[in-house]
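Read the structure below first, then the notes.
Side chains included, hydrogens not; waters and symmetry mates left out as well; all remaining heavy atoms used. What you see is a predicted model, and the numbers here were worked out from it, not measured in a lab.
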Amino acid sequence: MNQLIERHSRKAARILDSARELVLDHGVHKVTVSEIARAAGVGKGTVYLYWPAKEDLILGLFARELLAFLDEITTRVSADPATVLPHRLAPLLVRTGLNFPLARRVQSGDAGLLRLLTQQAGDRELFARTTPGALCEAGMPIHHRHGLIRDDRPLPELTYAVHAVLTGFGAALSDPATVALGVDPDQVLADTVARLLEPAVAPGDSAVAAAADEVLAFLRQIRKGMLDLIERSQTLQQ
């Protein structure tokens, strides 16, 4: 079953595209269904054909963006398990996040937005699992078990430190004007994370592969939750 109705309906795809642009320009609370319909070139009733309320449309919109974020990371790790090494994974997470501004708004912890997206406890838990802090808390023990990170410091301290580093680089990279001429921010981030986290002796290929499998299983679990949420948010089921 394919829960993404925009793959079967051009009108649904236009509605989602228009809603995304309007939300980026004006924020969630100021956008109306009438404005979305007008921008998409459809009647207001057509929007309700696919989503029962504005809140459901917005919920599905943000879930789709987070789904795309997860899919990009999953694709890269599946293609090359060594991508899970901290110095490679960190720039990938930050750069991919920059490509999905709606996902970044969710991950920033915007209280008003999260209230809208988390009317149900299950949804609240699902979105909470995609925040940078939650991803670090879930991923760092996997890396630790397989020897991808150092073991001479308490894991909570390392988790907090890498979360702070990723947050800081994400904020800095969102403003390209702050990057000095000749500086490669991705390389600086990779070097910083390597020095902060990685052990003196590099892990073997089997350890890297095992860690990648665990990371992929975690990401796919969240992905399934996002797809279920998208399906529940829609009026029409495929």
Side-chain angles (χ1 to χ4, degrees), residues 62 65-66 68-70 72-74 76-77 82-115 117-118 124-203 207-208 211-212 214-219 221-222 226:
F62 277 84
E65 183 118 335
L66 284 163
F69 171 83
L70 293 168
E72 177 64 20
I73 304 301
T74 298
R76 297 284 292 274
V77 174
T83 303
V84 298
L85 290 169
H87 75 276
R88 293 185 57 182
L89 187 58
L92 174 61
L93 289 171
V94 173
R95 282 295 183 187
T96 303
L98 291 174
N99 292 332
F100 299 105
L102 292 182
R104 282 182 60 80
R105 289 192 184 184
V106 175
Q107 295 170 335
S108 71
D110 182 308
L113 175 59
L114 290 175
R115 278 196 298 272
L117 297 178
T118 57
R124 183 162 54 251
E125 179 184 354
L126 179 62
F127 279 108
R129 293 176 72 189
T130 69
T131 64
L135 291 174
C136 287
E137 288 179 5
M140 290 288 283
I142 296 173
H143 285 72
H144 188 263
R145 277 195 298 275
H146 297 287
L148 273 64
I149 60 175
R150 56 196 289 186
D151 60 5
D152 60 338
R153 295 289 300 276
L155 186 57
E157 288 185 7
L158 292 176
T159 301
Y160 177 81
V162 74
H163 177 209
V165 168
L166 294 178
T167 300
F169 270 87
L173 288 173
S174 65
D175 183 5
T178 64
V179 180
L181 186 64
V183 172
D184 181 348
D186 290 359
Q187 189 59 54
V188 174
L189 174 55
D191 291 344
T192 300
V193 169
R195 291 174 180 272
L196 174 66
L197 292 183
E198 295 187 353
V201 178
V208 173
E214 278 199 56
V215 168
L216 288 170
F218 169 72
L219 295 175
Q221 184 182 40
I222 301 178
M226 286 293 172

Any donor-acceptor N/O pair, [X] side chain to [Y] backbone, under 3.5 Å:
{"X": "Thr178", "Y": "Asp175", "result": "yes"}
{"X": "Arg150", "Y": "Leu196", "result": "yes"}
{"X": "Glu214", "Y": "Ile142", "result": "no"}
{"X": "His87", "Y": "Leu197", "result": "no"}
{"X": "Glu198", "Y": "Leu148", "result": "no"}

Please find the pair of heavy atoms, one from [X] and one from [Y], that lie closest to each other, and give the distance.
{"X": "Pro91", "Y": "Pro86", "answer": "CD-O, 4.4 Å"}
{"X": "Leu85", "Y": "Pro203", "answer": "CD2-CG, 4.0 Å"}
{"X": "Val84", "Y": "Val208", "answer": "CG2-O, 3.9 Å"}
{"X": "Gly170", "Y": "Leu98", "answer": "O-CD2, 4.0 Å"}
{"X": "Phe100", "Y": "Ala68", "answer": "CE2-CB, 3.4 Å"}

Taking the side chain as everything from C-beta on, heavy atoms only, tell me whether [X] gets closer than 4.5 Å to [Y].
{"X": "Phe169", "Y": "Thr192", "answer": "yes"}
{"X": "Leu89", "Y": "His143", "answer": "yes"}
{"X": "Arg95", "Y": "Pro185", "answer": "yes"}
{"X": "Arg88", "Y": "Val193", "answer": "no"}

Interatomic distance, [X] atom [atom1] to [Y] atom [atom2] [nearest 0.5 angstrom]:
{"X": "Glu65", "Y": "Thr130", "atom1": "CD", "atom2": "OG1", "result": "11.0 Å"}
{"X": "Ile73", "Y": "Leu92", "atom1": "CD1", "atom2": "CG", "result": "3.5 Å"}
{"X": "Leu155", "Y": "Tyr160", "atom1": "CG", "atom2": "OH", "result": "15.5 Å"}
{"X": "Ile222", "Y": "Arg129", "atom1": "CD1", "atom2": "CZ", "result": "4.5 Å"}
{"X": "Phe62", "Y": "Met226", "atom1": "CZ", "atom2": "CE", "result": "11.5 Å"}
{"X": "Leu135", "Y": "Thr159", "atom1": "CG", "atom2": "OG1", "result": "12.0 Å"}

- Would you say Phe218 has more than 12 foreign heavy atoms packed within less than 6.0 Å of its CZ?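 Count over threshold, so yes.
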- Task: Please say whether more than 12 non-hydrogen atoms of neighbouring residues, nucleotides or ligands are located less than 6.0 Å from CZ in Arg76.
- Result: no
- Message: With no hydrogens and no angle check, just 3.5 Å: does a side-chain donor-acceptor pair link Glu137 and His163?
- Response: no
